[in-house]
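Worksheet for the structure shown next.
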2 protein chains.
Amino acid sequence: MSKAMSKPAYHHGDLESALLAGALERVRQVGAEKVSLRGLAADLGVSPSAAYHHFPDKDALLRAAGFAAIDKLADQQELALAIISATGADGAVARFRALGRSYVDFALNEPHLFRLAFGGHCAIPEGSENREPSRAWTILTCALDELVEAGLLTTEFREKSEILVWSAVHGVATLILEGQLPAEAADELFDSLAHMLGVRR
Amino acid sequence: MSKAMSKPAYHHGDLESALLAGALERVRQVGAEKVSLRGLAADLGVSPSAAYHHFPDKDALLRAAGFAAIDKLADQQELALAIISATGADGAVARFRALGRSYVDFALNEPHLFRLAFGGHCAIPEGSENREPSRAWTILTCALDELVEAGLLTTEFREKSEILVWSAVHGVATLILEGQLPAEAADELFDSLAHMLGVRR
DNA sequence: ACGATATCTGTACAGTGTAAAGATCACTCT
DNA sequence: AGAGTGATCTTTACACTGTACAGATATCGT
């Protein structure tokens, strides 16, 4: 009943989390389409088909790794928020900007993880009414709430801003990543957003 | 010296464009990671390794197909512009909105092509100074010019809008496609953009 | 007409995902 | 404690993949 708790178990330890961690790291290094289940199993000292007792598919393993990557992105965003707070940079605008920066930095520093997360492997199960908002979403809404509290953003305009901001930041990250926009585009975008939000009376 | 011009050539016709068209169609139907070079060759009545006289790699073929997909997207945008013009909808805003719609419609109607185009297969060769702007870019800038001419967009704000608008539309398309945003998010985004641009004095 | 060259075939190999059946260990129940 | 149960892993095997290499074949320039 206990799964993947502590390190020593019996045959291997616990393969499930080892597979997940290994897959995540391998994707991080060489990209999702170049990781082989067999190679991963070999590195873990386990037989080629051992993984099938923990994941129905290679795709299922990669999907799990993709969700872990999404989580890593959220971690990094929270870390960026913590850092900017410690730095003492006052404004809610600074925090807001730091969020955007950390998002595109993640995309550029970990392109394989970013593509794994948003490249079709982690599509949501389709009929999902009870979809809890993703961590990225809640982090974003909190930052927007701060802007509203600071009087920098109209309440009426706030709700519309959610989708706009997330889409813009995500879009610029992927477009830079795929070479469709130069790297400087990110800062220009942040300028536009700040100008656009901060200028509201 | 002539490559891939007219239909009848000698052994097969011209394999190069047949391979490209076949790859594009197969990706369209089942997704890039499920097309096999061998299966494609078999369907074309050709030996397994025939493709290697036209493309150095399977990846090279897929990359070529990806660029074709990008072109298809641009085609669809121009078609959307033509339609909205014929409809007689007056404003530059309507044209602008039609562009956005066609972009996310393409992503949702042809998810596999969209992912092929922006999923890492078509990254730009890195050191590209003389990068001519993509068709999507020029189409977008033209639409923005129209908005400026119509007096709906400040010239000062226009330049910043380019990156913002493209990023936002591309972002919302991929986020919807990956299930991170509901389909209605696209229209809400367009509202935000229209509000944001049109409201400028 | 005749080489030169581009195009395609045949064969082969290493590597892949995964299905099926058997082995091995931890744990539970009496 | 001892037997059985179920989870975990191994072995073996199969169909399939991308692609290298050595020839065959048809086309074109001269």
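Here is the naming used below: chain letters follow the sequence lines, and residue numbers restart at 1 for every chain. As the structure is a computational prediction, the values presented were derived from the model and not from experiment.
- Distance alone, capped at 3.5 Å, is enough to place a donor-acceptor pair between the B/Glu178 side chain and the A/Gly120 backbone.
- The A/Asp57 side chain lies nearest to C/dT18 when the options are C/dT18, C/dA12, D/dT10.
- At the phosphate of D/dT10, neither OP1 nor OP2 sits under 4.0 Å from any side-chain N or O atom of A/His53.
- Atom CG in B/Asp14 sits roughly 9 Å away from atom P in C/dC8 (whole-Å rounding).
- In this structure a side-chain-to-backbone donor-acceptor pair under 3.5 Å is missing from A/Thr154 to A/Phe157.
- Side chain of B/Ser49, nearest nucleotide from C/dT11, D/dT11, D/dT17: C/dT11.
- Interface residues of residues 23-37 of chain B facing DNA chain C, ordered by number: none; criterion, heavy-atom separation under 4.0 Å.
- Across the protein-nucleic acid pair, A/Glu16 atom CD and D/dC9 atom C1' stand 15 Å apart, rounded to whole Å.
- Atom NZ of A/Lys58 is separated from atom P of C/dA19 by 14 Å (rounded to the nearest Å).
- Atom CZ in B/Arg38 sits about 16 Å away from atom P in C/dG15, given to the nearest Å.
- Comparing D/dA13, D/dT19, D/dT10 by their closest approach to the side chain of B/Pro48 singles out D/dT19.
- If you take OH of B/Tyr52 and C1' of D/dT19, they are 4 Å apart, rounded to a whole angstrom.
- Taking atom CG on A/Leu19 and atom P on C/dT18, their separation rounds to 13 Å, with Å as the unit.
- Proximity of A/Ile84 to A/Arg97: side-chain heavy atoms (C-beta onward) are nowhere separated by under 4.5 Å.
- In terms of position on DNA chain C, the residue among A/Gly39 and A/Pro56 whose nearest nucleotide sits closer to the 5' end is A/Gly39.
- Out of D/dG18, D/dC9, C/dT9, the shortest distance to the side chain of B/Val46 is found at C/dT9.
- Aromatic ring centroids of B/His170 and B/Phe114 lie under 6.0 Å apart.
- The aromatic rings of A/Trp166 and A/Trp137 sit tilted relative to each other, their planes meeting at an angle between 30° and 60°.
- Side-chain contact between B/Leu19 and B/Leu40 is present, with at least one heavy-atom pair separated by less than 4.5 Å.
- The main-chain N or O of A/Arg26 is never found under 3.5 Å from a side-chain atom of A/Lys34 such that the two would form a donor-acceptor pair.
- For A/Glu159, the CD atom counts as loosely surrounded, since its 6.0 Å shell holds 12 or fewer non-hydrogen atoms of other residues, nucleotides or ligands.
- C/dC8 atom P lies 13 Å from atom CG of B/Leu40, rounded to whole Å.
- Taking five base pairs at each end of the helix from C/dA1-D/dT30 to C/dT30-D/dA1, the local helix axes there meet at an angle of 10°, rounded to 10°.
- Here the side chain of A/Ser167 pairs no donor or acceptor atom with the backbone of A/Leu164 at under 3.5 angstrom.
- As rounded to whole Å, 13 Å separates atom C1' of D/dT19 from atom CG of B/Asp59.
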Check against salt bridge (Lys or Arg N to Asp or Glu O under 4.0 Å), A/Asp57 and A/Arg63: CA-CA 10 Å; A/Asp57 242 2; A/Arg63 185 163 52 251; over 6 Å; no
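- For B/His54 and C/dC8, the shortest distance from a side-chain N or O to OP1 or OP2 is below 4.0 Å.
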